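Worksheet: the structure to be examined is printed underneath.
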Amino acid sequence: MALLRGQISAQASYRVSFAIDLGTNMVATMLDVLTVLVLFRVTKALGGFTLREAMVMVGLTALAFAAADLTVGNIERVKLYVNTGRLDAVLVRPLGVLPQLLLMDIPIRKAARSVFGATVLGVALASADIDWTVARVALLVYALLGGVLFFASIFVATASVAFWWIESGEIGNAFTYGGREFTTYPINIYSGWFRRVFAYGLGFGFVSYYPALALLGRTDPLGLRGGRGARAPAVSVAIAAAPAAVWRVGVRHYRSTGS
Amino acid sequence: MSVIEARGLRKEFTVRVKRSRLRREKRIVHAVDGVDLTVERGEMLGYIGPNGAGKSTTLKMMTGVLMPSAGEVRVCGYTPVPQRTKLTRRIGVVFGQRSQLWWDLPLRDSFDLLRHIFRVPAADHASRLRRCRSLLDLDEFLDIPVRQLSLGQRMRGELTAALLHGPEVLFLDEPTIGLDVVSKQAVRSFLTEVGVRGDTTLVLTTHDLADIERLCQRLVVIDHGRVVHDGTIDALHARYGSRRRVVVDLDEPVASYSGAIVEADGRRLVFEVDGSAAAVVARLGGLPGLRDIAILEPDIEDVVARLYKTTTEDAP
């Protein structure tokens, strides 16, 4: 907690840059949603989903991703820490490496994205024709938590690459930002091995597509049994365990730098 | 009980050497190649060696930053990497070239954060901070953000930061690097102050041998990842045969003089002596036209330079 407070006061010492960051982040998130709206201007339905139904997936993705980005997104900076050897200073304190790195740089500016994601999801849920039951409300909460955890673990997993491959560059972004793009749309618009690898192999299909199906009470056009939708968040949780292990091994593998 | 114990400590790195545009060769570098070291409580140990000798790597293995490739190391009874969080409460670390402080916050806030991180009782924290403030003159820059401090001020802040949780062992990796003479003095006298109490063990690496002469009874010299000398500074002088010199300036050149003359340049004579210079000086006292007598202590820089050179030649 003290770390968090310190971090906030440190960021507040650069006021103008903070305000600019907040603004650009807001605009970037709006553009993401605009892309989907533009897409539906040219077509009535996407993979058999109407705009209102698809917006549920957009909303789930936007909020889950933004919340994960807010809490652990800055973990990608571990690259910098490893590359410059600044991780040394982190390792000589009596706290876990992951929590320290997360608290050392809380991107408050990204909070705007979460607010916007929540708004999109709220509007989408309200306008989509959902038959609300207690089970569905529970599923929504559970799906969001699963989604946040899922994206968070993608962030951690891609950041861990830095321990082995110091200049990991943009590889990680293919899975984080690329993954977000993937889950924004119904997965039945993708085909063949690409869908199999991303949706099932890496689990991106369980972030927004299957929970959205269950919320909307639709059957999967891809033919998975109905129950799958409700269990999707559990799949996300299971998948999230792997990056935690990778991270631990990564820290052991840290090489530091000269002097 | 010894505070630090290392047996056959090794660390290997793989580096890729660029051979041509496409070809790269993997090579294994033995940064630390079998170091054995035992340090007792309250010792002040100087750890020196040329650049790339493995000093920092050893320190990083002892502080839980790096995982050893082989061998054993125990600090305060803990194995550094697996028991890292427990160990960090018992040791203090200052890396001369890496800051422990929060770049954008005033020193005071950094210290406060550290108190929370290490969960130090407020009273202990306050008394340690008070002591450091008076010994290191922190008061004048306690409220300035770290990024605006001078190197000397920052280093004084780093020392304080490393001591606030009352560590048993203080590891210092080049604490005086880049400092001016006054700041170096401040750091040294502070460390002396910390050391004389006898309850804090000090391990420091340095390139500045004056640090060692001022602070450390024991000197460990490492080169190519191996310990090449472990003992007192006197033992090092004895081993490499460095002696005190007596320099005599005369009004008139003397034709000949008996004794261990190493240099005779007209009006200047230089003698080497073992132990006390009294006998030589007494004999010289009666010399006609004597202008001045100076006694030079053996220069540790020379000894170490010679040591580095011989070990480099020995290396395969």
Side-chain angles (χ1 to χ4, degrees), chain A residues 1-18 21 74 77-78 80-109 163-167 247-259, chain B residues 11-15 31 51-52 55-57 59-61 63-67 80-82 84-106 109-110 112-120 145-147 158 161-162 165 167 171 173-174 177 205 207:
Chain A
M1 265 306 105
L3 257 179
L4 187 59
R5 245 188 301 124
Q7 198 47 54
I8 292 170
S9 51
Q11 277 192 20
S13 69
Y14 301 97
R15 288 208 180 89
V16 177
S17 131
F18 180 76
D21 269 353
N74 55 311
R77 307 213 345 167
V78 74
L80 187 74
Y81 282 86
V82 170
N83 202 1
T84 56
R86 268 161 67 195
L87 200 66
D88 291 4
V90 171
L91 283 164
V92 298
R93 293 188 191 134
L95 290 177
V97 176
L98 197 52
Q100 278 194 75
L101 285 183
L102 297 184
L103 290 173
M104 254 151 77
D105 185 35
I106 286 284
I108 306 161
R109 57 192 97 99
F163 288 112
W164 286 274
W165 194 3
I166 288 175
E167 208 26 79
W247 176 263
R248 289 178 83 93
V249 176
V251 172
R252 292 274 173 98
H253 197 265
Y254 173 57
R255 300 171 42 139
S256 192
T257 54
S259 89
Chain B
K11 183 73 192 178
E12 292 166 358
F13 293 114
T14 334
V15 289
N51 288 325
K55 304 182 295 290
S56 296
T57 307
L59 237 63
K60 282 173 187 167
M61 286 193 281
T63 48
V65 171
L66 286 181
M67 182 83 177
V81 175
R84 184 180 66 77
T85 41
K86 279 182 189 154
L87 177 70
T88 50
R89 290 178 194 283
R90 310 274 291 270
I91 61 171
V93 185
V94 176
F95 293 123
Q97 323 216 51
R98 302 245 197 294
S99 184
Q100 283 287 329
L101 304 164
W102 279 259
W103 196 240
D104 295 321
L105 296 182
D109 293 8
S110 279
D112 207 45
L113 283 173
L114 286 169
R115 181 172 82 77
H116 285 98
I117 291 174
F118 283 89
R119 298 210 187 91
V120 184
V146 172
R147 63 169 186 268
E158 301 277 355
H165 56 287
F171 290 96
D173 194 2
E174 305 190 22
I177 195 161
T205 75
H207 283 295

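Labels below follow one simple rule: chain letters A, B, ... track the order of the sequence lines, proteins then strands, and each chain is numbered from 1. What you see is a predicted model; the values in this text were computed from it and never measured. We use all heavy atoms of the structure for the numbers below, so side chains are in, but hydrogens, waters and symmetry mates are not.
Heavy atoms closer than 4.5 Å to chain A are found in the side chain of L114(B), but not in its backbone. Of the atoms belonging to S99(B), it is backbone heavy atoms, and not side-chain ones, that fall under 4.5 Å from chain A.
Residues R98(B) and D88(A) approach most closely at NE-OD2, 3.2 Å, considering heavy atoms. Nearest heavy atoms, T88(B) versus L91(A): CG2-O, 3.6 Å. Scanning all heavy atoms of the two residues, the minimum distance from Q100(B) to R93(A) falls at O-NH2, 2.8 Å.
By number of non-hydrogen pairs under 4.5 angstrom with chain A, the leading residue of R119(B), H165(B), R89(B) is R89(B).
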* Asked: Where do R84(B) and V251(A) land on the side chain to side chain contact (heavy atoms under 4.5 Å, CB included) test, with the steps shown first?
  -> CA-CA 12 Å; R84(B) 184 180 66 77; V251(A) 172; 5.7 Å; no

* Asked: Should F171(B) and V92(A) be marked as a side chain to side chain contact (heavy atoms under 4.5 Å, CB included) after you check the CA-CA gap, both sets of side-chain angles, and the distance that decides it?
  -> CA-CA 11 Å; F171(B) 290 96; V92(A) 298; over 6 Å; no

